[in-house]
K.L.:
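To start, I am sharing the structure in question, which I have written as structure tokens.
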Amino acid sequence: LGYAMMRYDRRFFSFQYVKYILLNKDVNALIPLRGEEVERMSLERLKGMVVTSWQGREFTQLTDFFDKNTEPDERVFMYPDLGFYSFIVARPFVGRFPMATLSWFNENHHKEYLANLVDSRPRFAIVPRVVPSYLEKAHFRIAGNKRKYDEVMHYVEQRYEVVALTSALK
């Protein structure tokens, strides 16, 4: 029973709330984004969502850029795990894998992923300025994944130039 309660405590707010009440802890500590500068989004795809202000600026900047510079059905390359931006900017992703990390499970899937990128030749790519640390910790522990990442990044660096920057992305 203790193990199950511990798992529920980590996954469900109601269990955390009751625990804080019973232990006479400050329930305000459970408020998401507490102490962060936040904003309520008005973008069509994120209407009403509350995010950190820096994320809000980034989402707005990207949406404005793609609204002005692409057609609604134009594919945009999001790399390596930025597929959620495809939803935010309302543009289709390249191929069947919205995130490169999903193609790393199988060598043939990676080849398909890269071939889709080469064949579709999207005009724009969104990539982080630096390799996120979680990629190194979670994905690059498998040597083949780092090779696959580098292969696609080499392609991107050879064929794309920086046309806009946000706080966290190229």
Side-chain angles (χ1 to χ4, degrees), residues 2-70 72 74-94 97-104 122-142 145-146 148-150 152-153 156-157 160-170:
Y3 175 73
M5 291 300 286
M6 182 177 71
R7 288 192 59 186
Y8 285 127
D9 177 48
R10 291 187 182 151
R11 297 177 80 190
F12 300 107
F13 171 78
S14 58
F15 282 86
Q16 292 174 353
Y17 184 77
V18 169
K19 176 183 167 185
Y20 271 59
I21 294 293
L22 291 174
L23 295 175
N24 202 27
K25 289 185 173 184
D26 181 12
V27 293
N28 286 324
L30 296 174
I31 297 173
L33 303 175
R34 181 173 160 237
E36 297 277 342
E37 185 180 329
V38 297
E39 70 178 83
R40 184 173 303 278
M41 298 302 300
S42 61
L43 295 171
E44 183 62 33
R45 294 271 176 126
L46 301 177
K47 196 168 288 194
M49 183 181 240
V50 176
V51 299
T52 59
S53 292
W54 71 267
Q55 285 178 311
R57 287 189 300 272
E58 188 164 278
F59 295 159
T60 300
Q61 183 180 353
L62 287 169
T63 301
D64 290 347
F65 178 86
F66 288 111
D67 284 350
K68 292 175 187 166
N69 295 289
T70 64
E74 185 174 344
R75 296 184 185 285
V76 176
F77 184 57
M78 315 285 184
Y79 191 71
D81 60 347
L82 301 176
F84 68 94
Y85 281 116
S86 293
F87 172 78
I88 293 170
V89 302
R91 297 299 183 271
F93 48 85
V94 174
F97 298 104
M99 299 185 304
T101 53
L102 297 175
S103 73
W104 293 349
R123 290 190 305 143
F124 298 104
I126 298 177
V127 296
R129 291 182 192 200
V130 296
V131 177
S133 62
Y134 63 83
L135 274 180
E136 294 192 22
K137 291 177 188 171
H139 296 287
F140 293 169
R141 292 170 55 190
I142 300 169
N145 290 347
K146 177 69 167 116
K148 293 168 187 170
Y149 172 87
D150 289 341
V152 175
M153 277 307 297
V156 168
E157 290 166 352
Y160 290 91
E161 62 183 60
V162 176
V163 295
L165 296 171
T166 69
S167 58
L169 302 170
K170 283 187 193 179

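Small disclaimer: the values here were computed from a predicted structure and weren't measured.
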K.L.:
Using modelled atom types only, decide if a donor and an acceptor are shared between the side chain of Thr60 and the backbone of Arg57 within a distance under 3.5 Å.
P.N.:
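No: the side chain of Thr60 does not pair with the backbone of Arg57.
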K.L.:
Tyr79 versus Met153: any side-chain heavy-atom pair under 4.5 Å?
P.N.:
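In contact.
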K.L.:
Measure the spacing between CD of Gln55 and CD1 of Ile88 and express it to the nearest 0.5 Å.
P.N.:
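Reported value, rounded in 0.5 Å steps: 8.5 Å.
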K.L.:
Would you confirm whether Tyr20, through its side chain, and Asn28, through its main-chain N or O, come within 3.5 Å as a donor-acceptor pair?
P.N.:
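Judged by distance alone, no pair lies under 3.5 Å.
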K.L.:
First locate atom OG of Ser133, then atom CZ of Phe140, and finally report the distance between them rounded to the nearest 0.5 Å.
P.N.:
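It is 11.0 Å, given to the nearest 0.5 Å.
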K.L.:
Evaluate the ring planes of Phe15 and Phe12, with Trp represented by its six-membered ring, and classify them as parallel (under 30°), tilted (30 to 60°) or perpendicular (over 60°).
P.N.:
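Rings of Phe15 and Phe12: tilted, as their planes differ by 30° to 60°.
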K.L.:
Mind checking the OG1-CG spacing from Thr101 to Leu135? Nearest 0.5 Å is all I need.
P.N.:
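So the gap between those two atoms works out to 7.5 Å.
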K.L.:
With rounding to the nearest 0.5 Å, note down the distance linking CZ in Arg91 to CZ in Phe124.
P.N.:
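If I round to the nearest 0.5 Å, the distance is 10.5 Å.
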K.L.:
Carefully, step by step, assess Phe65 and Val76 under the rule side chain to side chain contact (heavy atoms under 4.5 Å, CB included).
P.N.:
CA-CA 12 Å; Phe65 178 86; Val76 176; over 6 Å; no
K.L.:
If every non-hydrogen atom of Asp81 is compared with every non-hydrogen atom of Met99, which pair is closest and at what distance?
P.N.:
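Distance-wise, the nearest heavy atoms are O-SD, 3.6 Å.
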K.L.:
Heavy atoms only: give me the nearest Glu74-Pro92 pair and the separation to one decimal.
P.N.:
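Looking at all heavy atoms of both residues, the closest pair is O-CD, 3.4 Å.
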K.L.:
Over all heavy atoms of both residues, which pair between Gly83 and Met78 is shortest? Give the atoms and the distance, please.
P.N.:
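It is N-CB, 4.1 Å.
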K.L.:
So, for Pro128 and Leu82, which heavy atoms are closest and what is the spacing to 0.1 Å?
P.N.:
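Heavy-atom minimum between the residues: CD-CD1, 3.9 Å.
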K.L.:
Looking only at non-hydrogen atoms, find the nearest pair between Arg123 and Thr70 and report the distance.
P.N.:
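For Arg123 versus Thr70, the nearest heavy atoms are NH2-CA, 3.7 Å.
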K.L.:
Nearest 0.5 Å please: distance from the CG atom of Asp150 over to the CD atom of Glu157.
P.N.:
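If we round to the nearest 0.5 Å, Asp150:CG and Glu157:CD are 8.5 Å apart.
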K.L.:
Determine yes or no for a side-chain-to-main-chain donor-acceptor pair under 3.5 angstrom, with Arg45 supplying the side chain and Phe87 the backbone.
P.N.:
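Yes, because the side chain of Arg45 sits within donor-acceptor range (under 3.5 Å) of the backbone of Phe87.
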K.L.:
Check the pair Leu62, Ile126 against side chain to side chain contact (heavy atoms under 4.5 Å, CB included), reporting the backbone distance first and the verdict last.
P.N.:
CA-CA 9 Å; Leu62 287 169; Ile126 298 177; 3.9 Å; yes
K.L.:
Show, in sequence, the C-alpha distance, side-chain angles and deciding distance for Ile142 and Trp104, and conclude whether the side chain to side chain contact (heavy atoms under 4.5 Å, CB included) test is met.
P.N.:
CA-CA 10 Å; Ile142 300 169; Trp104 293 349; over 6 Å; no
K.L.:
Between atom NE2 of His139 and atom NZ of Lys148, what is the distance when rounded to the nearest 0.5 Å?
P.N.:
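Spacing of NE2 (His139) from NZ (Lys148) equals 12.0 Å.
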K.L.:
Looking at every non-hydrogen atom in both residues, tell me the closest pair between Val162 and Leu165 and how far apart they are.
P.N.:
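That closest heavy-atom pairing would be CG1-CD2, 3.7 Å.
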K.L.:
Establish, yes or no, whether a centroid distance under 6.0 Å links the rings of Tyr85 and Phe93.
P.N.:
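No, ring centres 6.0 Å or more apart.
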K.L.:
Ring centres of Tyr160 and Phe77 under 6.0 Å apart?
P.N.:
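Tyr160 vs Phe77: aromatic centres not under 6.0 Å.
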K.L.:
Could you check whether any side-chain heavy atom of Met49 comes within less than 4.5 Å of a side-chain heavy atom of Leu43, counting everything from C-beta outward?
P.N.:
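Contact flag for Met49/Leu43 side chains = no.
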